[in-house]
Amino acid sequence: MEVTVTLFARTGGGEENTVMANTVEEEGEMEVNSQEQPSEMQDVGTSPEVIALPDNTPCQVDKCIDFVAVNQHGHLLMGSSSLTGRYWGGSLWYYDDPALAPDVEKCKAGYETTSGMADGAFLDNDKTVIVGQDCGAVQFMSVCLDGDQRGIKSQCQVDEHLDAVHSVKVMPGRKHALTGSADMSIRLWDCETCLVVRMFLPAHSQMVKDLAPHPTNDQIFLSCSMDGNVLLWDLRSQKPASCVYRDYSLKPECVTWLEGAGEGQYLVGLQNGKVAQRCIKDLNFDLTSFYALQRPLYRIAVNPKRLTQFAVCGNDSRVVVVDAAEGSLRLRYEDDHHTDFVRGLAWQDADTFISCGWDTSVLVHKL
């Protein structure tokens with residue numbers, strides 16, 4: 001018997017192209033439901049089992065992992081960027097166990113962005129996050145791990161900044177967030193409406209490198225910039241900014257509060273690798289200092305369970321932990337397992353912190 005099979009293939013424009021299959025010569029006939037059918041043949045009416053995959057999860061982690069954040073459940077948020085090649089993109093990843101990162105197969109959810117990202121944070125200590133992108137956009141996102149809706153969903157993206165966003169921080173009341181950018185501006189966000197409620201432009205005369213909300217007062221924060229200044233901001237004042245540190249030769253790269261060592265005390269990381277402990281009431285001198293690295297620092301993360309202990313990373317493969325006690329800074333821990341610049345730090349508990357870097361690795365450190 002001669003059988004002609006006609007196949008229909010759908011093109012991108014919605015038109016149907018007819019494809020004629022080769023003619024097959026058969027000598028006999030076989031009923032469709034005949035017992036002569038091979039046992040391996042499956043019923044065409046039965047669909048194979050479909051496994052639901054995370055929505056919008058990228059196929060791979062970008063090479064440069066820029067930040068990590070940990071929520072109250074110990075879950076990890078990780079942001080990575082592709083800083084080489086023709087297109088610079090980024091991706092966001094969520095793990096219920098930090099030790100599983102950056103394995104793509106073991107992530108709970110992922111999200112691909114069209115721009116790299118340098119910083120991000122949990123908004124509500126659970127599954128709502130805010131990230132800043134290299135294109136100047138600030139994006140509010142939520143993580144869903146239930147059934148078919150599993151994945152990271154974008155709630156709102158606002159192209160507010162005119163240049164890359166370098167720092168994203170959440171105020172202690174969890175109702176507002178701060179973003180600092182290379183466009184020399186600082187913006188205060190309402191986390192519920194995703195709108196800017198206050199804008200300081202210019203906040204500095206050069207790019208803003210880091211922001212540090214006060215641990216308990218949501219009206220006060222610090223900022224540092226490539227203009228060599230560390231500014232103290234009080235949102236209740238008519239002129240909110242005042243300079244508490246200035247050095248044009250050793251410019252500040254990162255800043256954070258160290259309230260566990262005394263009221264009004266903070267840390268500033270400099271380009272020569274030094275961490276300086278200072279007080280907002282004494283503008284002229286360091287209380288003490290410590291050379292954590294021999295290269296420019298990038299990030300300082302205070303241990304939330306031990307407020308006189310902090311981790312430091314920079315343009316180096318080393319990461320160190322320093323204790324502030326009895327008016328001095330002392331080395332507590334150091335590690336050199338990264339093979340490229342370390343960029344992200346986050347504390348999981350009192351004795352455990354997580355680091356990430358441009359070597360596409362995430363390390364869990366036990367003190």
Side-chain angles (χ1 to χ4, degrees), residues 64-69 77-81 90 92 113 115-123 129-141 158-172 174 176-189 191 196-215 218 220-233 235 240-241 244-245 251-257 266-271 296-302 310-315 341-346 356:
C64 301
I65 303 180
D66 284 307
F67 75 88
V68 286
L77 179 72
M78 182 185 78
S80 64
S81 303
L92 197 65
T113 62
S115 176
M117 56 186 70
D119 203 7
F122 283 99
L123 282 176
V129 301
I130 177 175
V131 296
Q133 299 187 27
D134 291 342
C135 63
V138 175
Q139 197 164 8
F140 295 82
M141 315 180 82
V158 185
D159 297 325
E160 182 68 28
H161 287 281
L162 304 177
D163 209 332
V165 179
H166 287 160
S167 182
V168 177
K169 296 294 187 293
V170 180
M171 303 295 272
R174 298 283 169 183
H176 296 90
L178 292 167
T179 56
S181 170
D183 66 3
M184 303 179 293
S185 75
I186 297 174
R187 285 165 166 81
L188 178 68
W189 297 78
C191 296
V196 174
V197 293
R198 293 195 70 173
M199 177 177 64
F200 305 100
L201 177 63
H204 288 267
S205 60
Q206 293 188 37
M207 66 174 64
V208 179
K209 295 289 291 184
D210 199 11
L211 300 169
H214 192 276
D218 59 3
I220 297 175
F221 66 92
L222 294 168
S223 66
C224 71
S225 166
M226 290 300 293
D227 60 9
N229 295 320
V230 175
L231 301 183
L232 172 66
W233 297 80
L235 301 178
V244 294
Y245 176 89
K251 297 180 180 181
E253 294 281 346
C254 49
V255 65
T256 190
W257 292 94
Y266 66 95
L267 299 168
V268 56
L270 305 177
Q271 288 183 331
L297 302 184
Y298 183 78
R299 199 180 298 273
I300 303 175
V302 175
F310 57 92
V312 183
C313 69
N315 294 352
F341 290 175
V342 182
R343 278 296 177 260
L345 296 171
C356 68

S.K.: Going by an N to O cut-off under 4.0 Å, is there a salt bridge joining Asp218 and Arg174?
M.R.: no
S.K.: Check the orientation of Tyr266 and Trp257. Use parallel for under 30°, tilted for 30 to 60°, and perpendicular for over 60°.
M.R.: perpendicular
S.K.: Rounded at 0.5 Å granularity, tell me how far CH2 in Trp189 sits from CZ in Arg198.
M.R.: 15.5 Å
S.K.: Counting distance only, does the side-chain N/O of Ser223 pair as donor-acceptor with the main-chain N or O of Leu211 below 3.5 Å?
M.R.: no
S.K.: For Ile300, run the side chain to side chain contact (heavy atoms under 4.5 Å, CB included) check against Asp210, Leu267, Leu345, Val268 and tell me which one passes.
M.R.: Leu267
S.K.: Is the backbone N or O of Cys254 less than 3.5 Å from a side-chain atom of Arg299, with the two atoms forming a donor-acceptor pair by type?
M.R.: no
S.K.: I need the Cys313 SG to Leu297 CG distance, nearest 0.5 Å.
M.R.: 8.5 Å
S.K.: Roughly how far, to the nearest 0.5 Å, is CE of Met199 from CZ of Arg187?
M.R.: 5.0 Å
S.K.: Specify the closest pair of heavy atoms between Gln139 and Gln133, including all atoms of both residues, with the distance to one decimal.
M.R.: OE1-NE2, 2.7 Å
S.K.: Any sub-3.5 Å donor-acceptor pair from Asp227's side-chain atoms to Ser205's backbone N or O?
M.R.: yes
S.K.: Please confirm whether the backbone N or O of Ser185 pairs with a side-chain atom of Asp183, one donor and one acceptor, at under 3.5 Å?
M.R.: yes
S.K.: Check whether any side-chain N or O of Ser167 sits under 3.5 Å from a backbone N or O of Gly180 as a donor-acceptor pair, and report yes or no.
M.R.: no
S.K.: Measure the spacing between CZ of Arg343 and CD1 of Ile65 and express it to the nearest 0.5 Å.
M.R.: 13.0 Å
S.K.: Under 3.5 Å, side chain of His166 to main-chain N/O of Val208, donor-acceptor pair present?
M.R.: yes
S.K.: Would you please name every residue forming a side-chain hydrogen bond (donor to acceptor under 3.5 Å, both in side chains) with Lys251, sequence neighbours left out?
M.R.: none
S.K.: Got a donor-acceptor contact below 3.5 angstrom from the Ser225 side chain to the Met207 backbone?
M.R.: yes
S.K.: Please answer whether the main-chain N or O of Ala212 pairs with a side-chain N or O of Thr256 as donor and acceptor at a distance below 3.5 Å.
M.R.: no
